[in-house]
Structures are given as structure tokens and as C-alpha cells.
Amino acid sequence: MDTANKRDWGLFAAGIALIIISFIFLLAPGLTMVSIAAVAGAMLLVVGGMDVYTYARYRKSMTLSGWMLAYAICDIILGIMFLIHPIVAAAVIPWVAGIFVVAYGIFQIAMAVKLRDVMPGAGWLVANGIVSILCGICFFVWPASFAIFLAVFLMMRGVTMAVYGVTPGSAMTRASFYN
């Protein structure tokens, strides 16, 4: 299949969804942290489960690292903790999210550096990584403003996904970061 001219409309739609969610957070930053913790817990369980499945199914054919499995297990443990103790999770979610968002930003910058020769527009990944790192640091410095910085992070992530979704030839399938 020729991926050089293919657009990923699913990636574009997911990006637009993140942009809409970010506007909701900006318009209503008073959303309770307990609600955010419960949603985050459910999402972490689903993502962790999908990562365990992906690792188990494709670890040999894609030469996936054991770190992917460790990350999935951490997601599942955090998800369970957030769902069992949402009030406690609400108090610590800015710091936990800060760690993940900073790590995500570092990952994005590393991916951009590795893929700069084979992926058009790798600058978007660098910009996304920088914004992610700054938002993660802000989660630590100003945890009371978590919803606002989360909105900025989600908006940047959504714009990046939307841009890569409609940019022909930017499909990540052409180069593998995980190998």
C-alpha cells in the first residue's frame, strides 16, 4: 500500500477531538479534579490493557522493548489507583500528570530527532515536545491551574495530530521509532 500520499483521517479526527476538549477545559477550568481523576483512571486502564495486548501479540514481529510492557503495567496500576481513590488521585494528579507529560515531551523530541530525515514536518514534534515539557513543569509549579495547562497540552497535541493526519506522506508507518 502506498503511504506516500495517504492521509490519516482518524488521526485528524482524534486531533480535532483533543482541541475541542482543550477548549472545554479552558472555558470551564473549575471541572472537579475528582472527575478528571476518574476519567484519567478509566483511560489509563484501557490504554494499559491495549498496550499489554499489543506487546503480547507483536513483541517478536516488531521487536518491542520490555519497557513497553513496564509502561503498560504502570498505566494499569495508576488507573486502578485513580478509580479506587479518586479524591486522593485528584490531589496528586497534577504531579503524576506532570511526570508523564514531561516524559512524553522528551519522547516527542527524541522521536523528531530520530525521524527528521524520513518524516516531513518533524518540527511539529519538537514544538509539541517543548510545549509538553513546559506544561508538565507548570503542573508541578502551579498545580491549582492544572486544568488550564492540561488544556494547553491537549490543544498542542490535538493540533499536531490534526496536522499529521492531513499531511500526505507523514504516516508513521514509513519509519519505526520502536526498533
Side-chain angles (χ1 to χ4, degrees), residues 8-48 50-51 67-68 70-72 74-79 81-83 86-116 119 121-167 170 172 177-178:
D8 187 343
W9 294 109
L11 188 64
F12 176 77
I16 296 301
L18 283 178
I19 292 168
I20 292 168
I21 290 169
S22 70
F23 277 115
I24 292 169
F25 282 3
L26 285 174
L27 294 173
L31 291 174
T32 66
M33 291 301 291
V34 174
S35 298
I36 292 173
V39 170
M43 291 174 54
L44 285 167
L45 277 177
V46 170
V47 168
M50 293 301 294
D51 283 347
W67 287 106
M68 181 180 181
Y71 192 75
C74 287
D75 281 347
I76 292 170
I77 292 169
L78 277 173
M81 288 174 23
F82 280 22
L83 289 173
I87 294 172
V88 174
V92 299
I93 199 168
W95 292 283
V96 172
I99 292 168
F100 276 99
V101 170
V102 168
Y104 173 81
I106 292 168
F107 176 77
Q108 288 294 105
I109 292 170
M111 186 171 18
V113 169
K114 184 168 184 178
L115 300 178
R116 70 181 175 273
M119 190 167 118
W124 274 106
L125 290 177
V126 172
N128 190 12
I130 291 169
V131 169
S132 297
I133 291 169
L134 292 174
C135 285
I137 291 169
C138 289
F139 291 173
F140 289 105
V141 178
W142 297 289
S145 299
F146 174 72
I148 293 169
F149 293 116
L150 181 61
V152 171
F153 166 72
L154 292 175
M155 188 175 297
M156 186 61 184
R157 180 70 178 129
V159 168
T160 301
M161 290 171 71
V163 166
Y164 280 123
V166 297
T167 303
S170 67
M172 298 271 209
F177 183 70
Y178 295 106

Could you walk me through whether Ile130 and Ile109 pass the side chain to side chain contact (heavy atoms under 4.5 Å, CB included) check? CA-CA 8 Å; Ile130 291 169; Ile109 292 170; 4.1 Å; yes
Heavy-atom closest pair, residues [X] and [Y]:
| X | Y | value |
| --- | --- | --- |
| Gly129 | Gln108 | CA-CB, 3.9 Å |
| Ile76 | Leu45 | O-CD2, 3.7 Å |
| Cys135 | Val152 | SG-CG1, 3.7 Å |
| Gly105 | Ser132 | CA-CB, 3.7 Å |
| Ala112 | Val126 | CB-CG2, 3.5 Å |
| Ala162 | Phe12 | O-CD1, 3.4 Å |

Hey, what do you get for [atom1] ([X]) to [atom2] ([Y]), rounding to the nearest 0.5 Å?
| X | Y | atom1 | atom2 | result |
| --- | --- | --- | --- | --- |
| Phe23 | Leu154 | CZ | CG | 12.0 Å |
| Ser22 | Leu27 | OG | CG | 9.0 Å |
| Asn128 | Ile133 | CG | CD1 | 10.0 Å |
| Arg157 | Leu150 | CZ | CG | 13.5 Å |

Does a sphere of radius 6.0 Å around CZ in Phe140 hold more than 12 heavy atoms from other residues, nucleotides or ligands, not counting ones at 6.0 Å or beyond?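 Correct, the count exceeds 12.
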Partner of Phe139 under side-chain contact (heavy atoms from CB on, under 4.5 Å), chosen from Phe146, Phe100, Trp95: Phe146
Would you call Leu26 and Met155 a side-chain contact if the rule is heavy atoms closer than 4.5 Å?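 Yes, side chains in contact.
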Within-4.5 Å side-chain heavy-atom neighbours: Phe82 and Leu44: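 Counting from C-beta outward, Phe82 and Leu44 do come under 4.5 Å.
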Geometric class of the Trp142/Phe149 ring pair [parallel <30°, tilted 30-60°, perpendicular >60°]: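 It falls in the parallel class, under 30°.
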